[in-house]
**Q** 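Below are the structure tokens for one structure; questions will follow.
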Amino acid sequence: MADINILPAVHAFLNKQHGHFIDGAARPGDGTRAIDVVDPATERIIAGVSVAGSADVDAAVASARGAFRGTWAQTLPYQRGVLLNRLADLVDANAEELAQLETLCSGKSIHLSRMIDVGQTAIFLRYFAGWATKITGETITPSMPSMQGEQYTAFTRREPIGVIGAIVPWNFSMMIGTWKIAAALATGCTVVVKPSEFTPLTLLRLAELAIEAGIPPGVFNVVNGFGDAGQALIEHPDIAKVSFTGSSATGSRVGQAAMAANLTRCTLELGGKNAAVLLADVNVDGAVAGLMQTGFVHQGQVCAAPERVFVHRSRIDEVLDKMSGGLPQLKIGSPLDESVQFGPIANKPQFDKVLGYLDEARRLGQICHGGRRLERPGYFVEPALVRARSADDVLMREETFGPIISFLPFDDEDELVGWINASPYGLSASVWSNDLSRVFRLIPRIQVGTVWINMHTFLDPSVPFGGSKGSGIGREFGSAFIDDYTELKSVIMRY
Ligand SMILES: NC(=O)C1=CN([C@@H]2O[C@H](COP(=O)(O)OP(=O)(O)OC[C@H]3O[C@@H](n4cnc5c(N)ncnc54)[C@H](OP(=O)(O)O)[C@@H]3O)[C@@H](O)[C@H]2O)C=CC1
Ligand SMILES: CCCCCC/C=C/C(=O)O
């Protein structure tokens with residue numbers, strides 16, 4: 001099939017040098033440094049953005065601080081919910097434009113951009129809109145003996161923490177940005193977001209839509225640039241909280257810098273080396289379909305993707321045969337072709353990293369299917385299946401963040417748990433079985449933030465998501481975010 005037609009609005013948005021979005025309007029950069037935005041499917045430059053200097057970061061934080069104390073503080077929770085719902089409606093109304101921008105910057109298939117990036121952005125906005133009117137404290141009866149004979153009562157209030165500095169990676173820029181922006185706005189905070197320099201366009205467009213929705217200027221600001229712009233943001237004295245998604249290495253630096261600068265609180269959603277465990281009674285067809293989908297969606301560039309799969313020895317040959325048989329059905333090609341499920345790797349550094357892991361697996365003779373680079377422009381590589389020799393192999397230990405799934409047979413449950421927990425990461429795992437007694441015995445033994453049963457990478461806005469160990473600090477979604485984005489104030493009163 002041919003590529004879809006690019007909308008005139010997308011052409012118009014692309015052929016521009018973008019700056020930042022501050023105080024409700026586009027702010028051009030100072031022109032001294034610029035970033036080329038590259039389409040990973042063609043390696044062509046499709047747009048440019050300016051690099052924020054400290055004056056831009058200061059202006060964005062000042063605007064967010066002004067709105068936090070002014071217009072946004074005067075906006076009732078009910079109205080905040082209405083405005084977030086209006087933004088969701090505008091995301092729906094501009095869905096195709098946003099999906100095309102996302103695909104052109106990130107290389108994810110247009111189908112995925114429509115369904116996940118745009119579809120989930122609207123869903124998360126509506127979910128958080130509902131929370132705006134449901135943020136409550138509790139009443140407490142003081143219990144100290146010294147209070148006998150006196151009349152006391154106490155209550156707590158949840159107050160918005162202030163300006164949020166949000167730092168967002170390139171794999172799902174608009175959706176992950178929205179998790180942070182919508183949580184901030186629902187609780188009464190304001191936000192300055194720095195997208196990855198590889199995928200800056202959809203969040204700039206979302207900021208424009210926020211103004212169209214009636215969200216006051218300064219509530220949602222975007223600064224573009226490299227890590228140094230992010231660094232200036234997290235160290236800014238008027239940032240009350242940092243919400244970061246990205247690699248564990250950068251996340252660790254971000255957390256330390258924020259803490260050292262101003263004791264700034266952080267939520268860190270970091271990398272993973274997520275295990276899928278297929279027990280002896282596994283429904284192989286169901287597990288294979290699930291792994292094919294979640295291991296190779298967006299070319300494996302998903303923090304929760306199943307990268308290491310432990311299969312009971314009695315089933316491993318069957319599983320690998322069916323995985324190999326399924327791979328040719330995954331159509332590789334231009335992400336703007338609606339029949340394609342598998343596009344290019346999102347950017348050149350990530351492409352080089354994935355090719356490096358594939359070279360290593362090839363050197364060790366471990367690739368059992370795929371893994372070849374495609375001879376065409378763009379960062380294309382086939383998805384790969386690897387049969388590991390030991391849980392200590394590089395591909396069983398390091399996060400590749402690419403379309404590579406490694407398999408290892410297991411015999412013994414204790415050994416299996418040891419292998420899973422030996423990882424410094426602890427984001428997620430899945431167990432595939434209908435033997436619920438065994439499954440429920442495993443759940444408390446696996447050191448991760450989320451366990452899926454007979455599914456993988458299923459994110460729902462009402463279920464907390466985040467990592468343990470080296471995969472992060474804090475949780476996004478559900479009610480957990482309210483604690484993160486608010487300050488708890490206690491009031492004790494004698495009457
Ligand atoms: N958990 C996840 O969801 C993701 C994990 N990754 C992993 O990270 C690896 C590297 O990808 P990369 O994009 O470089 O991810 P990083 O973790 O390095 O970057 C994530 C975000 O942090 C910014 N950043 C970088 N350095 C700093 C800093 N010192 N202070 C503040 N912000 C900073 C980046 O900006 P800039 O890009 O402009 O430097 C980007 O916006 C990938 O190979 C993959 O393994 C990547 C994306 C998502
Ligand atoms: C189809 C999977 C979509 C979920 C993407 C969530 C990504 C999170 C992350 O990489 O941080």
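Counting convention: from 1, in listed order, for ligands and their atoms alike.
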**Q** Is ligand 2 under 4.0 Å from a heavy atom in the side chain of Glu269, in the backbone, in both, or in neither?
**A**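 Looking at Glu269 and ligand 2, just side chain atoms fall under 4.0 Å.
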**Q** How far is atom 9 (C) of ligand 1 from its nearest protein heavy atom, and which residue and atom name does that atom have?
**A**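 Checked against all protein heavy atoms, atom 9 (C) of ligand 1 sits closest to Ser247 CB, 3.9 Å.
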**Q** State if Gln293 counts as touching ligand 2 under the rule of any non-hydrogen atom under 4.0 Å.
**A**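 Not so, Gln293 does not reach ligand 2.
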**Q** Distance to 0.1 Å, residue and atom name: give those for the protein heavy atom nearest to atom 34 (C) of ligand 1.
**A**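 Here the nearest protein heavy atom works out to Lys194 NZ, 4.2 Å.
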**Q** Of all the non-hydrogen atoms in the protein, which one sits nearest to atom 23 (C) of ligand 1, and at what distance?
**A**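 The closest heavy atom on the protein side is Ile167 CG2, 3.7 Å.
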**Q** Give the residue and atom name of whichever protein heavy atom lies nearest to atom 39 (O) of ligand 1, and the separation in Å to one decimal.
**A**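 Its nearest protein heavy-atom neighbour is Gly227 N, 3.3 Å.
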**Q** Less than 3.5 Å apart, any donor N or O on the side chain of Glu307 or Thr400 sitting next to an acceptor on the other?
**A**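 Result is yes, a qualifying pair exists.
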**Q** I want to know if ligand 2 touches Cys303 in the polar sense, i.e. an N/O pair below 3.5 angstrom.
**A**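 The answer is yes, given that Cys303 and ligand 2 share an N or O pair closer than 3.5 Å.
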**Q** Is any side-chain N of the basic residue among Glu96 and Arg114 closer than 4.0 Å to the acidic one's carboxylate O?
**A**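 Salt bridge: yes.
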**Q** Measure the distance from atom 46 (C) of ligand 1 to every protein heavy atom, then report the residue, atom name and distance (to 0.1 Å) of the closest one.
**A**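 Result: Phe401 CE2, 3.7 Å.
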**Q** Please say whether Trp179 places an N or O atom under 3.5 Å from an N or O atom belonging to ligand 2.
**A**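 N/O-N/O distance under 3.5 Å: no.
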**Q** Could you tell me whether Val302 approaches ligand 1 through its side chain, its backbone, both or neither, with non-hydrogen atoms closer than 4.0 Å?
**A**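 No part of Val302 is near ligand 1 at this cut-off.
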**Q** Test of understanding: given a 4.0 Å heavy-atom threshold, classify the contact between Gln120 and ligand 2 as side chain, backbone, both, or neither.
**A**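 Neither; nothing of Gln120 gets under 4.0 Å from ligand 2.
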**Q** Look at atom 41 (O) of ligand 1 and say which protein heavy atom is nearest, naming residue and atom and giving the distance to 0.1 Å.
**A**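 Heavy-atom neighbour on the protein nearest atom 41 (O) of ligand 1: Val168 O, 2.9 Å.
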**Q** Of the protein's non-hydrogen atoms, which lies at the shortest distance from atom 11 (O) of ligand 1, and what is that distance?
**A**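 Residue, atom and distance for the closest contact: Trp170 NE1, 3.6 Å.
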**Q** Gln301 to ligand 2: N or O pair under 3.5 Å?
**A**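 No, there is no polar N/O contact under 3.5 Å.
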**Q** May I ask whether Phe198 places a heavy atom under 4.0 Å from ligand 1?
**A**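 No.
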**Q** Given the protein's heavy atoms, is any one of them under 4.0 Å from atom 14 (O) of ligand 1?
**A**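 For atom 14 (O) of ligand 1 the answer is no, since every protein heavy atom stays at 4.0 Å or beyond.
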**Q** Main chain of Met175, side chain of Asp117: is a donor-acceptor contact present, judged purely on distance under 3.5 Å?
**A**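 No; judged by distance alone, with no hydrogens or angles, the pair does not exist.
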**Q** Decide whether the shortest distance between a heavy atom of Gly225 and an atom of ligand 1 is less than 4.0 Å.
**A**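 In this structure, Gly225 qualifies as a contact of ligand 1 - some heavy atom is under 4.0 Å.
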**Q** Looking only at protein heavy atoms, which one is nearest to atom 48 (C) of ligand 1, and how far off is it?
**A**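 Nearest neighbour among protein heavy atoms for atom 48 (C) of ligand 1, to 0.1 Å: Pro169 CB, 3.3 Å.
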**Q** Salt bridge between Arg363 and Asp359, side-chain N to carboxylate O under 4.0 Å?
**A**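 No salt bridge links Arg363 with Asp359.
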**Q** Around atom 6 (C) of ligand 2, find the nearest protein heavy atom and jot down its residue, atom name and distance.
**A**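 Of the protein heavy atoms, Leu459 CD1, 3.5 Å lies nearest.
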